[in-house]
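These notes are about the structure you will find just below.
By convention in this document, chain letters (A, B, ...) are assigned in the order of the sequence lines, proteins followed by strands, and residues within each chain are numbered from 1. Just so you know, these numbers use all the heavy atoms, side chains as well, and skip hydrogens, waters and symmetry mates.
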There are 2 protein chains.
Amino acid sequence: MSEILDLKRLHVDRPLTLIGMEDEVDRLVAAWRRERPDLDVEPLEVLSRVSRLARHLDRARRLAFSEHGLEPWEFDVLTSLRRAGAPYQLSPGQLLTQTLVTSGTMTNRIDRLAKKGLVERLPDPSDRRGVLVRLTPEGRDRADEALAGLLAQERAILAQLSQAQRGDLAGLLRQLTAPFDNIPG
Amino acid sequence: MSEILDLKRLHVDRPLTLIGMEDEVDRLVAAWRRERPDLDVEPLEVLSRVSRLARHLDRARRLAFSEHGLEPWEFDVLTSLRRAGAPYQLSPGQLLTQTLVTSGTMTNRIDRLAKKGLVERLPDPSDRRGVLVRLTPEGRDRADEALAGLLAQERAILAQLSQAQRGDLAGLLRQLTAPFDNIPG
DNA sequence: AAAATATATCTCGACGTCAAGATTCACGGT
DNA sequence: ACCGTGAATCTTGACGTCGAGATATATTTT
């Protein structure tokens with residue numbers, strides 16, 4: 001492979017902010033432009049990077065959480081409850097919208113967390129169809145520990161960017177996520 | 001809920017680029033600052049948005065692809081081969097690094113795509129351990145159709161941003177993905 | 001008050017993924 | 001030629017997710 005040539009071409013076409021590195025999406029886009037010069041594949045520059053980065057983050061998180069004996073899905077549920085504030089309880093339906101999973105999945109997750117003693121299920125006093133899921137003290141501690149570990153890891157990943165760049169990036173991403181989060185989705 | 005109050009506070013704290021909308025991550029970060037004022041949760045502003053946006057994109061893509069009778073995982077494999085150029089063939093190992101799945105998963109995917117007649121498995125003439133996966137003509141057509149559909153959908157999502165903003169966003173994301181893509185990962 | 005519709009949660013079977021191990025073959029050193 | 005190490009792919013069993021449907025209770029309509 002002519003890595004060096006590719007990098008040269010890259011820096012001529014599109015000078016990067018500082019001195020940037022090529023990534024897989026650069027290679028992917030270059031391949032499409034070669035194979036399908038009739039198409040405008042610019043959207044991939046943004047959205048393929050989002051998907052691939054998310055995949056990498058999933059793997060990194062799995063590693064970080066395993067040091068605290070938690071799976072990513074467990075972290076998602078426990079921290080949703082933790083964020084709700086005392087008495088740390090939410091309905092399964094509220095948990096659905098926060099974690100973007102289906103109802104069958106959430107039932108299953110609650111079952112397993114309850115078996116591990118990290119949450120407990122209580123009847124909803126105001127709606128007999130409903131249930132409230134409450135964090136146990138141990139569940140709360142585990143969530144807090146894992147959060148600290150996650151933040152440390154994420155800070156390391158974000159060290160690539162300046163403070164201002166992180167702010168810009170957050171703002172741009174918000175513009176893309178807001179329609180999904182506010183309209184039905 | 002005091003939606004209106006929250007929005008006011010938001011615009012005072014952190015004026016958005018133009019007039020932006022709140023998203024789920026804004027709510028998530030606000031909740032953490034309330035529950036854990038001792039922690040700096042700024043990293044979540046970026047990386048939680050990446051993960052959530054990826055989840056939304058997965059759902060949107062599933063919908064777009066279903067119009068062409070493809071699953072997202074099928075698209076990933078077929079387009080990897082399509083991008084390779086004629087004769088549209090790669091080893092399973094090369095497909096692994098492009099799609100970020102494990103070898104067992106890839107074996108399974110190739111099996112199912114072969115059963116559907118979209119790819120075929122050939123022995124690698126230069127390495128008897130190896131296999132080459134080749135796109136069939138039908139597989140190639142399906143990949144091209146689905147790509148066009150995907151690009152249309154992604155353009156709609158990205159209409160939220162100006163041309164310049166899309167460029168900025170791509171550049172910032174590249175800085176985060178490059179370490180994963182270049183170092184072992 | 002009864003009927004129709006909507007909501008909250010759970011059940012269940014199919015499916016895709018992963019991780020670890022097994023197999024088969026390649027390659028360098030001796 | 002032989003041996004050991006590493007590489008490429010496949011096999012297997014456990015696991016988590018999804019989606020459709022079932023059940024029970026709320027809410028709205030007539």
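- A continuous path of hydrophobic side-chain contacts links A:Leu47 to B:Leu161 [ILVMFWY only; heavy atoms under 4.5 Å].
- At whole-Å resolution of the value, CG in B:Leu95 and C1' in D:dT9 are 12 Å apart.
- The shortest distance between side-chain heavy atoms of A:Pro123 and A:Val131 does not fall below 4.5 Å.
- Distance, B:Asn108 CG to D:dG13 P: 14 Å, rounded to whole Å.
- Across the protein-nucleic acid pair, B:Ile110 atom CD1 and D:dT11 atom C1' stand 14 Å apart, rounded to whole Å.
- Here C:dC15 presents its P atom at 13 Å from CD of B:Glu74, a figure rounded to the nearest Å.
- Of the candidate nucleotides D:dT17, C:dT9, C:dG16, C:dG16 has the atom lying nearest to any side-chain atom of B:Trp73.
- In this model, a donor atom of one side chain and an acceptor atom of the other lie less than 3.5 Å apart for B:Thr177 and A:Asp23.
- Taking only side-chain atoms of A:Arg112, from C-beta outward, the nucleotide of D:dT9, D:dT17, C:dC10 with the closest atom is D:dT17.
- Rounded to an integer number of Å, the gap from B:Leu96 CG to C:dT17 C1' is 13 Å.
- Residue contacts for A:Asp124: at a heavy-atom cut-off of 4.0 Å it reaches no nucleic acid atom on any strand shown.
- The residue among A:Leu132 and B:Val101 whose nearest nucleotide of DNA chain C lies closer to the 5′ end is A:Leu132.
- Between A:Gly130 and A:Arg62, the residue anchored nearer the 5' end of DNA chain C, judged by the nucleotide with its closest heavy atom, is A:Gly130.
- For the pair B:Gln89 CD and D:dA8 P, the interatomic distance rounds to 17 Å; values are reported in whole Å.
- Donor-acceptor pairing under 3.5 Å is recorded for the side chains of A:Gln163 and B:Glu42.
- Between the side chains of A:Ser48 and A:Ser51, no donor-acceptor pair of N or O atoms lies under 3.5 Å.
- In this structure, the side chains of A:Glu71 and A:Phe65 stay at 4.5 Å or more apart for every pair of heavy atoms.
- Linking ILVMFWY side-chain heavy atoms closer than 4.5 Å, directly or via other members, places B:Leu39 and A:Leu70 in a single hydrophobic cluster.
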query = Could you spell out the base pairing of DNA chain C in dot-bracket, with Watson-Crick or G-U pairs whose two distances are under 3.5 Å, [ ] crossing and | to another strand?
reply = ||||||||||||||||||||||||||||||

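- Comparing C:dT17, D:dT9, D:dA20 by their closest approach to the side chain of B:Ser103 singles out D:dT9.
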Can you check nucleotides 22-26 of chain C for protein contacts, nitrogen or oxygen pairs under 3.5 Å, and list what you find?
| from | atom 1 | to | atom 2 | distance (Å) |
| --- | --- | --- | --- | --- |
| C:dA26 | OP1 | B:Arg128 | N | 3.2 |

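- Taking a 6.0 Å sphere around CZ of B:Arg128, one finds it holds 12 or fewer heavy atoms contributed by other residues, nucleotides or ligands.
- Computed from coordinates, the A:Arg121 CZ to C:dT9 C1' distance equals 9 Å when rounded to whole Å.
- Using a 4.0 Å cut-off between a side-chain N of Lys or Arg and a carboxylate O of Asp or Glu, B:Asp124 and B:Arg129 do not qualify as a salt bridge.
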Check: residues 109-118 of chain A side-chain donor-acceptor pairs under 3.5 Å, at least two apart:
| from | atom 1 | to | atom 2 | distance (Å) |
| --- | --- | --- | --- | --- |
| A:Asp111 | OD1 | A:Arg121 | NH2 | 2.1 |
| A:Arg112 | NE | A:Asn108 | O | 3.2 |
| A:Arg112 | NE | A:Asn108 | OD1 | 3.2 |
| A:Lys116 | NZ | A:Glu74 | OE2 | 2.7 |

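- For the pair A:Arg59 and C:dA19, the criterion of a side-chain N or O lying under 4.0 Å from OP1 or OP2 is not met.
- Rounded to whole Å, the distance from CG on B:Leu70 to C1' on C:dG16 is 16 Å.
- Across all strands, A:Gly93 comes closer than 4.0 Å only to sugar-phosphate atoms, never to a base (heavy-atom distances).
- Evaluation of atom-type donor-acceptor distances gives no pair under 3.5 Å for the side chain of B:Thr105 against the base of C:dC18.
- For A:Thr102, counting side-chain heavy atoms from C-beta on, the closest listed nucleotide (C:dT11, D:dG16, D:dC18) is D:dC18.
- Of the candidates C:dT9, D:dT9, D:dT17, the closest approach to any side-chain atom of B:Arg55 belongs to D:dT17.
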